[in-house]
Amino acid sequence: MDSQENVLNQEAQLEENKVVENPVENAEPAEVAEATAETIAEEPVIAETEAEPAAEAEEAAEPTAEQEQPAEERKTYATKQEVIARLQELAHGEENPTKDEVDYLKTTFYKLHFAQREAEQKAYLEAGGDPEKYVVAPDMDEETFKAEMGVVKEKRQKLFQQQEEEKLENLKKKQAIIEKIKSMVTSPEEANRNYQEFKQLQQEWKEIRLVPAEKANELWRNYQLYVEQYYDLLKLNSEAREYDFKKNLEAKLRLCEAAEKLDQEEDVISAFHQLQKLHQEFRETGPVSKELREEIWTRFKAASTVINKKHQQHFENIRSKEEENLARKTELCEKVEAIAQEENKGAGDWEKHTKQIIDIQTQWKTIGFAPQKMNVKIFERFRAACDDFFAKKAEYFKSLKAKFAENAAKKQKLVEQAQALQDSTDWKSTSDKLIALQKEWKTIGMVPKKLGDQLWNDFLAACNKFFEARNAANAGTRNAERDNLARKRDIIAQLKAAAEEAGDDLQEKVQQLVDEYQKVGHVPFKEKDKLYAEYHAVLDKLYKDLNISIARRRLDSFKSNLRQMADKGANALDNERARLMRRYEALKQEIQTYENNLGFLNASSKKGNSLIDEMNRKVQKLKDDCELVKQKIKAIDAENQE
């Protein structure tokens, strides 16, 4: 029969809208407050056949047990307590919890839960808390939420089992109805006689709802087949049949109009669910006259196709956006992984990279879901990268704390040593010791700021106490040093004047001034080097002039005495020459010794060392004496030649 074949070919399948349970109920990366448990909706699918319907073709699928609640109808929860209160109503009340609402409550709770954690951590850090010591406080609300969620899940499981049992029972009932209608289609007489019973069976069929999904299509095809056969056999009571056709036509025209109006519905998901209800009602409505069946079905199917395409496009857009979100999240994962592999040379680098990762985590929260099959994986990858970085950071600061503790112990020891010296009156020795402690302090690394400031203040207080006491005790000494400075400058001025005057008594006058200079005590430390250089510059010039003058007078005196020495005999000059030669060699040896010593000192001493300056003057004096002896020997040789 053509009409029977077309009925079998023109079925549509409806699949319930699915929401995936959050696979990681309490998962989050270190220092990441993931704003919501990530879920994804998978769109329903309507499969339409292309065969031309010659008779009325009805939807085959059973209506869904749970319909998604439109977003605008969902209640907004401001606190976790409100979410828990609603969950408790579902757990312990008579109301059956829907999967959609349960998922929405879970998402809302963890959004509030993570937001609270983030706010608590931010407040702790802003109050000056140590990031490494921050511990997430236990959340009793979360424990309550999990407990109530367990009750709800158990309740839903029982409800599911009851529904499955009910579906099996409904399947048996509908199969029995089909068998009864089947027994009525043996002849027109049988069909006419059982018309009222047939109508009652149709009503019973409508009242029986859910059946196992895998049996729904076959069940509906069989039912529709025998209903059509019954109406075809219903000849005698044509008036009743025409009345049924008219009422069914009115109902199906109304359903067509309702389906067409869904094109104006802005909420694509809501329109799709409304369409499912219209399909359910359409197929539960009896047949119309044969000549109108194809027209009515074509109209209803056309309106359905518009909604189905919008629904399909909606989820294609979602998939496209999810792929874009996956690409963005993958990029963020790569950034965190790269940061986690970078070398951190100090606490500054760790804090810089921490800020970068927190900024990336903030970006992550603004990105929507990735495709369902990748959503959990990409989140776990991101969490693992963050965990890797913060684990390394924790290890670094753990070792840093150990180093801080070691440095603090060293500085505490120096504080104790300084405090032990702060009351000493051994000014010179203690000053040297405290200065050495201060130099050692600079070689010790950092300690935590608060403790470091306290140790430094204690150390500085001990040093200041000693040096203030020393300065107070040496106040008189400094006055005496300034007087000594004035006296020495006056002596230097007299030496400069003596150098200009010259005279036979110059050597005696210079020696008197030198003796007087040596008797004057210490001068201020800052003036010492400058005064020393000025004094010895004048003295060197005087000694040089004096040495030349004295050497000339001595040589002249020696030459004038040579004649008297020659008169004593030739041996007298030879003996004197031999004595002078021994003196000449001794002076040369002494000069050599001094110059060798100067070579060692110059290699290891700073420029301007007073010992080196004094030795240089000594060497010059020896060279002048050596030259004088040499001239005396030449004078003896000249006398012998005469």
Side-chain angles (χ1 to χ4, degrees), residues 4-21 41-49 51 56-69 95-103 152-185 198 200-230 255 269 272-287 301 304 308 311 372:
Q4 294 176 7
E5 292 177 359
N6 286 329
V7 168
L8 296 176
N9 288 333
Q10 294 171 353
E11 300 296 333
Q13 297 181 354
L14 298 176
E15 183 178 327
E16 179 184 1
N17 199 30
K18 299 176 181 178
V19 180
V20 178
E21 288 281 337
E42 185 178 88
E43 67 273 23
V45 178
I46 293 182
E48 300 181 1
T49 60
E56 179 175 327
E58 302 293 347
E59 285 296 318
E62 287 293 323
T64 58
E66 298 179 3
Q67 298 296 337
E68 182 180 355
Q69 185 181 14
E95 184 179 359
N96 289 328
T98 66
K99 185 177 186 300
D100 178 63
E101 184 176 8
V102 171
D103 287 337
V152 168
K153 289 182 177 180
E154 184 178 349
K155 187 175 182 180
R156 278 181 50 76
Q157 182 63 27
K158 290 180 179 178
L159 178 62
F160 174 78
Q161 292 175 353
Q162 291 173 0
Q163 288 178 341
E164 291 301 306
E165 293 172 0
E166 183 182 345
K167 287 178 182 179
L168 291 174
E169 186 64 28
N170 290 342
L171 175 62
K172 293 178 182 179
K173 290 178 180 180
K174 286 195 171 187
Q175 287 173 338
I177 290 173
I178 292 173
E179 289 300 319
K180 289 180 180 180
I181 295 175
K182 182 178 179 180
S183 67
M184 295 178 184
V185 296
F198 172 75
Q200 180 62 34
L201 290 174
Q202 278 189 313
Q203 183 60 35
E204 289 180 14
W205 180 278
K206 290 181 181 180
E207 292 174 355
I208 301 171
R209 307 297 296 178
L210 301 177
V211 296
E214 66 274 12
K215 298 290 185 179
N217 287 338
E218 179 185 359
L219 191 69
W220 174 254
R221 286 194 295 268
N222 290 334
Y223 173 74
Q224 190 69 14
L225 172 65
Y226 291 113
V227 167
E228 291 285 349
Q229 289 180 359
Y230 179 86
L255 294 175
I269 301 298
F272 177 78
H273 288 310
Q274 292 179 58
L275 178 64
Q276 290 187 84
K277 293 179 181 178
L278 295 178
H279 271 261
Q280 176 66 20
E281 190 175 348
F282 192 96
R283 74 186 184 186
E284 289 178 351
T285 303
K301 180 182 177 183
S304 299
N308 289 336
H311 186 260
Q372 179 183 349

Verdict with supporting geometry, Gln280 and Gln276, side-chain hydrogen bond (donor to acceptor under 3.5 Å, both in side chains)
CA-CA 6 Å; Gln280 176 66 20; Gln276 290 187 84; over 6 Å; no
Mind running side chain to side chain contact (heavy atoms under 4.5 Å, CB included) on Tyr223 and Gln202 for me, showing each step along the way?
CA-CA 10 Å; Tyr223 173 74; Gln202 278 189 313; 3.6 Å; yes
Determine, stepwise, if the pair Met184 / Leu201 fulfils side chain to side chain contact (heavy atoms under 4.5 Å, CB included).
CA-CA 11 Å; Met184 295 178 184; Leu201 290 174; 3.5 Å; yes
Assess whether side chain to side chain contact (heavy atoms under 4.5 Å, CB included) is satisfied between Val227 and Trp205, documenting all intermediate values.
CA-CA 11 Å; Val227 167; Trp205 180 278; over 6 Å; no
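Within 6.0 Å of NZ on Lys155 lie more than 12 heavy atoms contributed by other residues, nucleotides or ligands.
Rounding to the nearest 0.5 Å gives a distance of 6.0 Å between CD of Glu204 and NZ of Lys180. To the nearest 0.5 Å, atom CD of residue Gln162 and atom NZ of residue Lys167 are 13.0 Å apart. Between the CD atom in Glu169 and the CD1 atom in Ile208 there is a gap of 9.5 Å [rounded to 0.5 Å]. If you take CG on Leu219 and CD on Gln224, they are separated by 11.5 Å, rounding to the nearest 0.5 Å. Atom-to-atom distance recorded for Asn222:CG and Ile177:CD1 is 13.0 Å, nearest 0.5 angstrom. One distance of note links CD1 of Ile269 with CD of Gln274; it measures 12.0 Å at 0.5 Å rounding.
Between the side chain of Asn170 and the main chain of Leu210, a donor-acceptor pair closer than 3.5 Å is present.
Ile178 has its side chain out of reach of Leu225: every pair of non-hydrogen atoms, C-beta onward, lies at least 4.5 Å apart.
A donor-acceptor contact closer than 3.5 angstrom is absent between the side chains of Gln175 and Glu179.
A salt bridge is defined here as a Lys NZ or Arg NE, NH1 or NH2 lying under 4.0 Å from an Asp or Glu carboxylate O, and Glu218 with Arg221 fails to meet this definition.
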